Amino acid sequence: MSVQMPDTTGFFEAFIPTLEEHADWITLDVVGGAEVVPGNDQIEAISNGAFDMALVFPAYLEGLIPGGASILMTSNLLPSEEREAGTAELLNEIVFNPHGVTYLGEMQSNNWHSLYLGKDQCDAIDPADPSLSGLLIRGGEQYRPAVEALGGEIVNMPVAEVYTALERGVIDGYGMGQANLAPQGLEPITGCELQPFVVPATAPLVVNTAWWEGLEEETRTAISEAVVLSEPRIDEAFERVIAEYRESMLEAGVEVIEFSPEFAESYRAEVMDRAWSRAISLNPEFQRLRDHWWGDN
């Protein structure tokens with residue numbers, strides 16, 4: 001089994017150990033992440049069968065599945081809650097199966113993306129009426145609703161270029177998972193984090209459908225069961241990791257700017273509206289997912 005896999009806590013600390021414990025006849029050949037296949041090409045590599053399995057972050061779905069980043073950043077359910085709600089079946093029917101890809105489950109939990117600004121930009125943020133007008137923020141499509149709702153402009157760039165771009169003033173801030181600041185070395189040049197969190201961090205575990213259907217039933221069942229059995233471990237692992245990295249961020253002097261309760265409520269609603277409007281305009285079938293997650297809200 002070949003695997004195209006970015007290094008994530010949920011996969012390496014929960015799924016792999018669980019699979020090894022319950023199905024030791026299955027071997028995963030972990031070949032790497034973006035250094036092997038650029039992020040934007042990873043879902044295509046699963047679709048065309050170049051790789052069998054991958055953890056593909058929502059921003060990287062856009063090339064094959066327009067609107068994919070928008071819909072996957074709108075749910076704030078835990079992996080077990082998604083499974084119990086029947087989300088996998090609906091995601092496969094509407095989002096993944098038409099492209100030869102099958103969704104198995106979610107490998108992140110209790111994690112959120114946020115917007116971060118350089119040290120020179122934070123003093124101008126008014127928590128009662130925050131604005132990013134005139135500011136250039138690095139981020140993929142999953143950040144666009146959150147940035148544009150505050151009047152900012154989004155620019156796409158590789159994570160590896162963020163430090164230099166922020167240091168040189170090419171960008172004014174960036175969107176990032178809250179556990180990624182320290183590993184990317186961004187804490188020393190980051191001034192503040194904007195809250196509330198509005199972009200859930202998700203990491204869908206997907207496989208090539210033809211490969212999946214060609215496996216023996218015993219193997220498919222073992223992998224599916226490992227996904228389910230991993231869920232408590234994923235929850236626990238991310239609670240620990242997020243706590244560690246948030247402590248590191250605060251000790252590094254990154255300020256947390258919390259929007260006023262009134263603004264935060266309207267901001268969350270606008271971000272969700274923008275995300276769903278974009279997704280549904282690209283694929284009207286995505287309305288069924290919105291109804292599944294949000295009903296009449």
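Computed from a prediction, not measured in an experiment: that's the story for all the values here. For the numbers below, each heavy atom of this structure counts, side chains included, while hydrogens, waters and symmetry mates do not.
Checking side-chain atoms of N208 against main-chain N and O of W212 turns up no donor-acceptor pair under 3.5 Å. Distance alone, capped at 3.5 Å, places no donor-acceptor pair between the S47 side chain and the I43 backbone. Proximity of a side-chain donor or acceptor of E106 to a complementary backbone N or O of A203 within less than 3.5 Å is detected. The backbone N or O of V37 sits less than 3.5 Å from a side-chain atom of Q42, completing a donor-acceptor pair. The main-chain N or O of T102 is never found under 3.5 Å from a side-chain atom of N92 such that the two would form a donor-acceptor pair. For T87 (side chain) and R83 (main-chain N/O), no donor-acceptor pair under 3.5 Å exists by modelled atom type. Not a single donor-acceptor pair under 3.5 Å links the side chain of Q195 to the backbone N or O of I257. In this structure a side-chain-to-backbone donor-acceptor pair under 3.5 Å is present from R220 to L215. Side-chain atoms of N48 come within 3.5 Å of backbone N or O of E44 as a donor-acceptor pair. For the pair S131 (side chain) and S133 (backbone), a donor-acceptor distance under 3.5 Å is present.
Note that NE2 of H99 is 14.5 Å distant from CD1 of I46, once rounded to the nearest 0.5 Å. Distance check, rounded to the nearest 0.5 Å: CD of Q178 to CE of M249 gives 7.5 Å. Atom CG of residue D172 and atom CG of residue L117 lie 8.0 Å apart, to the nearest 0.5 angstrom. The OG atom of S70 lies 12.0 Å from the CZ atom of R274; values are rounded to the nearest 0.5 Å. Atom-to-atom distance recorded for E153:CD and L135:CG is 10.0 Å, nearest 0.5 angstrom. Between atom OG of residue S230 and atom CG of residue L19 there is a gap of 8.0 Å, rounded to the nearest 0.5 Å.
In the hydrophobic clustering of ILVMFWY residues, with side-chain heavy atoms under 4.5 Å counting as a link, V256 and M176 come out together. Linking ILVMFWY residues whenever their side-chain heavy atoms come closer than 4.5 Å, directly or via other members, places L289 and M272 in the same cluster. Criterion: ILVMFWY side-chain heavy atoms under 4.5 Å apart, direct or through other members. Under it, V155 and Y60 are not part of a common hydrophobic cluster. Under a hydrophobic-cluster definition in which Ile, Leu, Val, Met, Phe, Trp and Tyr are linked whenever side-chain heavy atoms come within less than 4.5 Å, directly or via other members, L229 and F11 are assigned to different clusters. In the hydrophobic cluster analysis, where Ile, Leu, Val, Met, Phe, Trp and Tyr join through side-chain heavy atoms closer than 4.5 angstrom, I26 is grouped together with V227.
When side chains are defined from C-beta on, I234 counts as touching M107, because their heavy atoms get closer than 4.5 Å. The closest side-chain heavy-atom distance from V241 to N111 is not below 4.5 Å. Looking only at side-chain heavy atoms (C-beta outward), I171 and M157 come within less than 4.5 Å of each other. Within the 4.5 Å cutoff, the side chain of F15 has heavy atoms near those of the I223 side chain. Annotation: side chain of D29 is in contact with side chain of V31 (closest heavy-atom distance under 4.5 Å). V101 has its side chain out of reach of V207: every pair of non-hydrogen atoms, C-beta onward, lies at least 4.5 Å apart. You'll find the side chain of L132 reaches within 4.5 Å of the side chain of L115, heavy atoms only. Side-chain contact between P204 and F57: absent, with no pair of heavy atoms (C-beta onward) separated by less than 4.5 Å.
Other residues, nucleotides and ligands contribute over 12 non-hydrogen atoms within 6.0 Å of the CD atom of E21. Counted within 6.0 Å of CG on D273, heavy atoms from surrounding residues, nucleotides or ligands total more than 12; the atom is thus considered enclosed. Applying the 6.0 Å contact sphere to CD of E216 captures no more than 12 heavy atoms from other residues, nucleotides or ligands.
Side-chain contact check for E187 and S248: at least one donor-acceptor pair (N or O, by modelled atom type) lies under 3.5 Å. A donor atom on one side chain and an acceptor atom on the other are found under 3.5 Å apart for Q287 and D291. For the residue pair E231 / S80, no side-chain donor-acceptor distance below 3.5 Å is found, with atom types taken as modelled.
Between Y174 and Y116, the ring planes lie parallel to each other; the angle is under 30°, not in the 30° to 60° tilted range. In this structure, W276 and W293 have tilted ring planes: the angle between them lies in the 30° to 60° band.
For the pair E251 and R246, the salt-bridge criterion is not met [side-chain N within less than 4.0 Å of a carboxylate O]. Using a 4.0 Å cut-off between a side-chain N of Lys or Arg and a carboxylate O of Asp or Glu, E236 and R233 do not qualify as a salt bridge. The pair R138-E161 does not count as a salt bridge, with every side-chain nitrogen at least 4.0 angstrom from each carboxylate oxygen. With salt bridges taken as basic N to acidic carboxylate O contacts below 4.0 Å, one links E62 and R278.
Residues F263 and P127 share a closest heavy-atom pair of CB-O, 4.2 Å. Closest of all the heavy-atom pairs between N40 and A59 is OD1-O, 4.3 Å. What you find for L166 and G173 is that their closest heavy atoms are CD1-N, 3.9 Å. Taking every heavy atom of both residues into account, Y267 and A146 meet most closely at OH-O, 2.8 Å. Considering all non-hydrogen atoms of both residues, I280 and R290 come closest at CD1-CD, 4.2 Å. Residues V206 and Y103 come closest through the heavy atom pair CG1-CA, 4.1 Å.
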Test Y245 against N180 for side-chain contact (heavy atoms from CB on, under 4.5 Å), laying out the working first.
CA-CA 8 Å; Y245 281 118; N180 292 340; over 6 Å; no
F51/V36 under side-chain contact (heavy atoms from CB on, under 4.5 Å): CA gap, chis, key distance, verdict:
CA-CA 11 Å; F51 291 92; V36 178; 4.1 Å; yes
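For an aromatic pair to be called close, the ring centres must be under 6.0 Å apart, and Y143 with H113 satisfies this.
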